[in-house]
Amino acid sequence: EPVAWEKPGDLNRMFERIVATYDKVKVISRPNLLPGDEDEEAAPYLLGPWIVSLDDFLTPEEAQRWIEIGAEMGYERSTTESEVDEETGETEDEVYEERTSTNAWCERKCQQDPVSQ
């Protein structure tokens, strides 16, 4: 299955492409200053990891279907992964009290839904 990034810099190029081609995007944070933005304090964004807001990315009907698909799959408490066990190379899901969100992963049936296409 194809992934959004494979080589160093692919993820950054993906965000740069989104910012350049999507007309309803707001950059909240990006990893570097744009050419001409020499003063970090005056830039209309923060320096840090990519954070963007995409207005009207989904239609109301698409958004409703995604909510329905999530409910069908079952929303679960969001977790983070533990550090890698040096002996096994595996991680475990951990629940933190501060993290109160729920989610559902789009897999199999979800990926085949016409809205996902």
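All values reported here derive from a predicted model rather than from experimental measurement.
- When the side chains of ILVMFWY residues are joined at heavy-atom separations under 4.5 Å, either directly or via intervening members, Ile18 and Phe57 end up in a single hydrophobic cluster.
- The number of heavy atoms from other shown groups lying within 6.0 Å of OH (Tyr22) is above 12.
- Remark: Asp23 CG to Asp56 CG distance equals 9.0 Å, nearest 0.5 Å.
- Taking Ser101 as the reference, Ser78, Arg99 meet the side chain to side chain contact (heavy atoms under 4.5 Å, CB included) condition, with sequence neighbours excluded.
- The shortest heavy-atom contact between Ser116 and Cys110 is OG-O, 2.5 Å.
- The structure places CD of Glu41 at 9.5 Å from CG of Leu46, a figure rounded to the nearest 0.5 Å.
- When all heavy atoms of Gly74 and Ala104 are compared, the pair lying nearest together is O-CB, 3.9 Å.
- Partners of Tyr45 according to the side chain to side chain contact (heavy atoms under 4.5 Å, CB included) rule, which considers only residues two or more places apart in sequence or in another chain, are Val27, Arg30, Leu33, Leu34, Asp37, Ala43, Leu47.
- Formation of a donor-acceptor pair under 3.5 Å by the Arg77 side chain with backbone atoms of Tyr96 is found in this model.
- Under the 30°/60° scheme for interplanar angles, the aromatic rings of Trp50 and Phe15 are found to lie parallel.
- Atom CD of Glu16 has more than 12 heavy atoms from other residues, nucleotides or ligands within 6.0 Å.
- In this structure, Glu87 has no side chain to side chain donor-acceptor pair (under 3.5 Å) partners at least two apart in sequence or on a different chain.
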N/O donor-acceptor pairs under 3.5 Å from side chains in residues 65-72, not counting sequence neighbours:
| unit_1 | atom_1 | unit_2 | atom_2 | d |
| --- | --- | --- | --- | --- |
| Arg65 | NE | Asp113 | OD2 | 3.1 |
| Arg65 | NH1 | Glu68 | OE1 | 3.3 |
| Arg65 | NH1 | Glu72 | OE2 | 3.3 |
| Arg65 | NH2 | Asp113 | OD2 | 2.7 |

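- Val115 and Met73 sit in two unconnected hydrophobic clusters of ILVMFWY residues. Membership requires side-chain heavy atoms under 4.5 Å apart, directly or through other members.
- Residue Glu92 holds its CD atom at 5.5 Å from OG of Ser82, rounded to the nearest 0.5 Å.
- Residues satisfying the side chain to side chain donor-acceptor pair (under 3.5 Å) criterion with Thr91, sequence neighbours excluded, are Glu81.
- Criterion: ILVMFWY side-chain heavy atoms under 4.5 Å apart, direct or through other members. Under it, Leu54 and Leu58 are part of a common hydrophobic cluster.
- Scored by the side chain to side chain contact (heavy atoms under 4.5 Å, CB included) test, Asp55 finds Lys24, Ser53 as partners (sequence neighbours excluded).
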